[in-house]
Protein chains: 2
Amino acid sequence: MIPAEQTSDNPNFERFQTICRDAGLKLTPQRLEIYNELAVARDHPSAEDIFHRVRRRMPTIALDTVYRTLTTFESIGAIARVDVADDRARFDAELGPHHHCVCARCRSIKDFQWETFDILGMPKETSAWGRLMDKQVVLRGVCRDCLRKEADSEG
Amino acid sequence: MIPAEQTSDNPNFERFQTICRDAGLKLTPQRLEIYNELAVARDHPSAEDIFHRVRRRMPTIALDTVYRTLTTFESIGAIARVDVADDRARFDAELGPHHHCVCARCRSIKDFQWETFDILGMPKETSAWGRLMDKQVVLRGVCRDCLRKEADSEG
DNA sequence: TTCCGATTTAAGAATCATTCTGAATCAGGC
DNA sequence: GCCTGATTCAGAATGATTCTTAAATCGGAA
Ligand SMILES: [Mn+2]
Ligand SMILES: [Mn+2]
Ligand SMILES: [Zn+2]
Ligand SMILES: [Zn+2]
């Protein structure tokens, strides 16, 4: 088999292996390829995106395997599903706290950091709601590329 | 036809009528019922939720009409789609700035206000991204009801 | 190395939310 | 009342995702 792209230098990769081992998951080539593709991606790809990318080096991969594997990874906390709503699910190997910009036109999702927000803590307005696990900012708008295309087509 | 629940006292209702008129939409009984059901709801219902609620007073309503109408309302800015991702779309008649708590177990969505956050403005980290239209906080966790059920079932 | 249970593949079929199609109905203008 | 375009309805179609089954393959413990 063609060796996978080198991603073991990614700090997330160590954690990934540990999580898999603890969950009793075998480290199959398919799983490694799928994780690697997601780990090097910056665009929060869909299952089908990952399928096409993995297929370049592993032509026999089945779409079902990609769906199944991503779901498995998510259930053991090795990756995250990006819940900003789209018709298709989007995935993220970055588990640390960060936020997302979402383009209403092209559906691109971009990470950003916001320390000023992170240090705010949880809002007191929700102290009675339940147990909060995560707080995240979602910014919506139109990305630069789409603004440019828009301007071009208008003349 | 059975008259709709009285919601014209809702300050949003005035705006709703104006928006529809400006968009050239006829105020059909179906549209009024669908808007009213959403306007009185506090739970960010799905299209199917609204379908079942409207059907109580309008038994012949078609599910497709609910989907089509909600999409129409959203496109003219009369309602909002709550993009916290679920397998199904959730809707909101509240258009003012506010934020959401999402329960990972029961998928309930609850509004909250957070002035401290609102006055922050847009983060400088994203100034180059494009044109930002909206910033929203999404808190994820487990709601009180689900925590209680969990505790009960564990003994 | 051997062996067993886990995993993948292939090809479909099933599911579920949502959208589309075509016919029927309605509202308002003439 | 009649015409026309907007709207609704019921059922079919779509598309992402999951599931089924059976056969082939693989990973890793012993
Ligand atoms: Mn991300
Ligand atoms: Mn809301
Ligand atoms: Zn864009
Ligand atoms: Zn809950």
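Residue numbers begin at 1 in each chain, while the letters A, B, ... track the order of the sequences.
Side-chain proximity of T65(A) to the nucleotides dA16(D), dT8(C), dC9(D) is greatest for dT8(C). Side-chain atoms of T69(A) lie closest to dT8(C) of the nucleotides dT18(C), dC9(D), dT8(C). Of the candidate nucleotides dA6(D), dA10(C), dA6(C), dA10(C) has the atom lying nearest to any side-chain atom of A62(A). For L25(B), whose side chain is taken as the heavy atoms from C-beta onward, the closest listed nucleotide among dT7(C), dC9(D), dT7(D) is dT7(D).
Ion pairing between a basic and an acidic side chain is recognised when a charged N comes within 4.0 Å of a carboxylate O; R140(A) and D83(B) show such pairing. Using a 4.0 Å cut-off between a side-chain N of Lys or Arg and a carboxylate O of Asp or Glu, E37(A) and R53(A) do not qualify as a salt bridge.
One can place CG of L63(B) at 14 Å from P of dC16(C), the figure rounded to the nearest angstrom. Rounded to whole Å, the distance from CZ on R55(B) to C1' on dT8(D) is 16 Å. Regarding L27(A), its CG atom lies at a distance of 15 Å from the C1' atom of dA29(D), rounded to whole Å. If you take CZ of F51(A) and C1' of dA16(D), they are 14 Å apart, rounded to a whole angstrom. dT8(D) atom C1' lies 11 Å from atom CE of M58(B), rounded to whole Å. Atom CG of D87(A) is separated from atom P of dC20(C) by 12 Å (rounded to the nearest Å). One atom, CZ of R81(A), and another, P of dT18(D), lie 6 Å apart when rounded to the nearest Å. In this structure, E33(B) places its CD atom 17 Å from C1' of dC9(D), rounding to the nearest Å.
Distance CZ/R55(A) to CD1/I61(A): 10.0 Å, rounded to 0.5 Å.
The nearest pair of heavy atoms linking L32(A) to L27(A) is CD1-O, 4.1 Å.
Where Y67(B) and Q30(A) meet DNA chain C, the nucleotide closest to each residue was compared, and Q30(A) sits on the side nearer the 5' end. In terms of position along DNA chain C, the nucleotide closest to T71(B) lies nearer the 5' end than the nucleotide closest to the other residue of the pair T71(B) and T28(B).
Relative to the ring axis of F117(A), K135(B) does not place its NZ or CZ within 45° and under 6.0 Å from the centre.
The side chain of R31(A) places an N or O atom within less than 4.0 Å of a non-bridging phosphate oxygen (OP1 or OP2) of dT7(C).
Nucleic acid contact class of R68(B) (heavy atoms, under 4.0 Å, all strands): base. In this structure, T60(B) reaches the sugar-phosphate backbone alone: every heavy-atom distance under 4.0 Å involves primed, P, OP1 or OP2 atoms, never a base. Using a 4.0 Å heavy-atom cutoff across all strands shown, D64(B) reaches at least one base atom of the nucleic acid.
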